[in-house]
Structure formats: C-alpha cells, structure tokens
Amino acid sequence: QVQLVESGGGLVQPGGSLRLSCAASGSIFSIYAMNWYRQAPGKQRELVAAITSGGSTNYADSVKGRFTISRDNAKNTVYLQMNSLKPEDTAVYYCNAVLELVDYWGQGTQVTVSS
C-alpha cells in the first residue's frame with residue numbers, strides 16, 4: 001500500500017517555472033519506479049518523466065531539456081522541476097508509483113500555463 005500526494009501546481013506565465021512534489025508513504029520499499037504523467041482534457045494520459053529505483057531517468061521528447069525529475073530518498077519525495085513552460089504543458093499532472101503487481105496514483109495537481 002502506497003499513498004501519493006502531489007503538490008506545487010498552479011498558474012504560470014509562458015516561460016515560467018514550477019516545481020511539483022510527490023510525497024510517498026506506506027510500502028515505499030516496494031517501489032520500482034516513480035513517474036510523472038500528465039493529462040489534458042480530451043487527450044490521452046502521457047508519461048512525461050520517470051525515475052527508477054536505481055536512479056536512471058527518462059523523459060518524453062516534448063519535455064527534454066526543460067523538465068527534470070529527481071528524488072530525495074530521505075524525504076520520500078519525488079520532484080518535477082519544470083522550466084520554460086509552454087501553454088501545451090497545461091494539464092493535470094499525476095505522480096505514479098510502480099510496484100511489482102500493482103501501481104498507485106496520486107490525486108493530481110493542475111498546471112495551467114497561460115498569459
């Protein structure tokens with residue numbers, strides 16, 4: 001059992017920055033990877049960034065060079081630093097924890113990029 005709580009979303013102007021946080025609790029020792037997904041209205045949920053238990057990272061092509069995923073094991077928290085934000089980044093961002101047989105999702109945090 002894992003609980004995930006996202007925070008850090010909000011309204012930002014194009015070119016601005018936000019840092020999302022995902023605090024994990026519960027059976028965190030069972031987590032294989034942590035991911036950030038996003039979903040805009042009417043669109044399919046997409047993976048934007050991932051970090052494995054070994055520390056390797058992957059990014060969607062659309063966010064490479066702008067977003068950075070990181071983790072603080074002492075705080076059981078994963079971050080998504082988002083720079084140079086574009087209106088197309090507007091979405092609900094979800095934290096996802098992958099375990100062997102199941103995965104868990106946070107409630108999501110809204111990111112709106114608009115002038």
Side-chain angles (χ1 to χ4, degrees):
Q1 181 72 26
V2 174
Q3 295 81 45
L4 304 172
V5 179
E6 300 102 330
S7 62
L11 175 64
V12 65
Q13 293 184 344
S17 298
L18 286 173
R19 189 178 75 163
L20 306 183
S21 299
C22 174
S25 61
S27 301
I28 57 175
F29 55 87
S30 299
I31 297 174
Y32 291 138
M34 297 286 291
N35 308 305
W36 284 99
Y37 285 78
R38 67 185 181 188
Q39 188 167 27
K43 295 186 177 181
Q44 191 173 15
R45 185 176 299 181
E46 64 172 335
L47 176 66
V48 298
I51 185 166
T52 70
S53 59
S56 62
T57 59
N58 285 289
Y59 300 92
D61 288 341
S62 60
V63 307
K64 285 181 179 177
R66 300 188 298 120
F67 291 11
T68 302
I69 188 171
S70 62
R71 67 185 183 190
D72 185 335
N73 289 333
K75 297 181 179 180
N76 298 322
T77 299
V78 175
Y79 303 95
L80 185 67
Q81 178 67 46
M82 305 185 294
N83 298 326
S84 302
L85 283 162
K86 305 174 181 179
E88 64 192 275
D89 295 319
T90 296
V92 177
Y93 284 72
Y94 296 92
C95 182
N96 164 249
V98 179
L99 281 68
E100 183 176 2
L101 297 178
V102 297
D103 60 1
Y104 295 89
W105 295 85
Q107 81 286 354
T109 185
Q110 176 70 49
V111 172
T112 302
V113 185
S114 176
S115 60

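Every value quoted in this text rests on a predicted model; they were computed, and no experiment measured them.
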request  = Output all residues satisfying side chain to side chain contact (heavy atoms under 4.5 Å, CB included) with Q81, sequence neighbours left out; order by chain, then residue number.
outcome  = S17, R19, T68, N83

request  = Say whether Y37 and V98 are linked into one hydrophobic cluster, either directly or through other cluster members, by side-chain heavy-atom distances under 4.5 angstrom.
outcome  = no

request  = Determine whether V92 and V113 fall in the same hydrophobic cluster, where Ile, Leu, Val, Met, Phe, Trp and Tyr are linked whenever their side-chain heavy atoms lie under 4.5 Å apart.
outcome  = no

Donor-acceptor pair, side chain of Q13 and main chain of S115, under 3.5 angstrom = no

ask   = Can you tell me if Q39 uses its side chain to pair, donor with acceptor, with the backbone of A91 under 3.5 Å?
value = no

Side-chain touch L20/M82, heavy atoms, less than 4.5 angstrom = yes

query = Under 3.5 Å, is there a donor-acceptor pair between the side chain of T57 and the main chain of I51?
reply = no

message = Between R38 and T90, does the side-chain contact (heavy atoms from CB on, under 4.5 Å) criterion hold? Intermediate values first, please.
response = CA-CA 9 Å; R38 67 185 181 188; T90 296; over 6 Å; no

message = Testing the basics here: between L18 and G8, what is the closest heavy-atom pair and its distance to 0.1 Å?
response = CD2-O, 3.8 Å

task = Check S21 against T77 and note the closest heavy-atom contact, atom names and distance.
result = CB-CG2, 4.3 Å

task = State plainly whether one hydrophobic cluster holds both V102 and I28, where clusters connect Ile, Leu, Val, Met, Phe, Trp and Tyr through side-chain heavy atoms under 4.5 angstrom apart.
result = yes

message = Quick test of your reading: applying ring-ring contact (aromatic ring centres under 6.0 Å, His included), list the pairs with at least one residue in residues 41-85, sequence neighbours left out, ordered by first then second residue.
response = none

request  = Measure across G9 and V111 and return the closest heavy-atom pair with its distance rounded to 0.1 Å.
outcome  = CA-CG2, 4.2 Å

message = Quick check: closest heavy atoms across L80 and V48, and the distance to 0.1 Å?
response = CD2-CG2, 4.3 Å

ask   = Which pairs, with at least one residue in residues 13-115 and sequence neighbours excluded, count as a disulfide (SG to SG under 2.5 Å)?
value = C22-C95

key: Nearest-0.5 Å distance that lies between atom OG1 in T52 and atom CD1 in I31   = 12.5 Å

request  = Indicate, with yes or no, if L47 and I69 share a hydrophobic cluster defined by side-chain heavy-atom contacts under 4.5 Å among Ile, Leu, Val, Met, Phe, Trp and Tyr.
outcome  = no

message = Taking S27's backbone N and O only, do any of them form a donor-acceptor pair with Q1's side chain (distance below 3.5 Å, no angle check)?
response = no

note = Smallest heavy-atom separation, A24 atom then L4 atom, equals CB-CD2, 3.7 Å

Least distance between heavy atoms, W105 atom then N96 atom = CE2-ND2, 3.4 Å

key: Salt-bridge criterion met for D89 and K86 (N-O under 4.0 Å)   = no

